[in-house]
Amino acid sequence: TSQNGQFFIKSSIFLQNVADHNDRNLVVIYDDVADRGQRFATESGAQYCGDLSTVLARDDVDGYIICSENTRHLALLQSVIPMGKPVFCEKPFTINAAEAEKVVACARAQDTFLMEAMWTRYLPHMRRIHEIIASGGIGEVRTVFADHTQFMPTDPEHRINALSLG
């Protein structure tokens with residue numbers, strides 16, 4: 001469906017950005033949709049595993065990135081937070097405030113780092129903008145006006161518009 005296609009594209013780009021850094025390794029991809037998980041793994045150079053408990057038991061995993069459909073975030077967060085490893089969860093963090101309170105309480109109880117992804121901050125072009133500013137090549141930056149504009153589909157079943165997907 002278009003939802004899965006859009007989800008795959010966004011997550012593929014995100015995971016590739018993670019894999020492109022020399023200071024980290026994308027080790028394993030978990031997805032209960034085998035063909036999608038295998039595509040993510042192949043594109044990012046990681047292993048694929050369709051069993052979450054196997055992934056959670058791995059010693060070579062130092063942290064977790066959750067880029068699933070929004071409605072699955074709560075269950076996945078509740079599974080990974082008790083492992084005591086840092087967790088980075090794609091936005092929206094959860095579907096509602098009550099769910100967010102649950103996972104924040106769980107992370108605090110486990111003394112586990114938990115962060116909602118504000119993924120724009122970590123995109124390669126944002127790093128490049130900071131490099132250009134830091135170089136002084138454009139002079140002193142005093143004010144920035146920015147606008148994030150993109151085409152928004154009108155299809156009510158698209159992941160952006162489907163209320164059932166959060």
Handout entry: salt_bridge(R128, E131) N-O dist < 4.0 Å
Key =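 Result for this pair is yes, salt bridge flagged.
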Exercise for the section: Can you establish whether the number of heavy atoms outside D111 located under 6.0 Å from its atom CG is more than 12? Expected result: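 Count not over threshold, so no.
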Contact check, side chains of [X] and [Y], non-hydrogen atoms, under 4.5 Å:
X	Y	result
C89	L77	yes
D32	R72	yes
I138	I132	yes

Handout entry: V80 versus Y64, closest heavy-atom pair with distance
Key =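 So the minimum-distance heavy-atom pair works out to CB-CD1, 3.7 Å.
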Practice task
Locate the shortest heavy-atom distance separating S79 from P82; write the atom from each residue and the value.
Solution key: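 Heavy atoms of S79 and P82 come nearest at O-CD, 3.6 Å.
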Under a single-linkage definition using a 4.5 Å side-chain heavy-atom cutoff for Ile, Leu, Val, Met, Phe, Trp and Tyr, are [X] and [Y] assigned to the same hydrophobic cluster?
X	Y	answer
F40	V55	no
L56	V61	yes
V28	V87	yes
V27	I65	no
M126	V141	yes

Listed pairs under 3.5 Å, donor-acceptor, residues 45-52 side chains, sequence neighbours left out:
residue : atom : partner : partner atom : Å
Q47     : OE1  : R58     : NH1          : 2.8
Q47     : OE1  : R58     : NH2          : 3.3
Y48     : OH   : D31     : O            : 2.7
D51     : OD1  : S53     : OG           : 3.4
D51     : OD2  : S53     : OG           : 2.7
D51     : OD2  : T54     : N            : 3.0
D51     : OD2  : T54     : OG1          : 2.4

At what distance, to the nearest 0.5 angstrom, does [atom1] of [X] lie from [atom2] of [Y]?
X	Y	atom1	atom2	value
F93	L114	CZ	CG	3.5 Å
H73	E90	NE2	CD	6.5 Å
D35	R39	CG	CZ	5.0 Å
R36	Q38	CZ	CD	13.0 Å
E101	N96	CD	CG	9.0 Å
I81	Q110	CD1	CD	8.5 Å

Problem - Which residues share a side chain to side chain donor-acceptor pair (under 3.5 Å) with E140, sequence neighbours left out - result: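 Partners of E140 by the side chain to side chain donor-acceptor pair (under 3.5 Å) criterion come out as none, since no residue qualifies.
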Handout entry: Identified side-chain contact (heavy atoms from CB on, under 4.5 Å) counterpart of V103 within the set L76, T112, T94
Key =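 So the option named by the test is T94.
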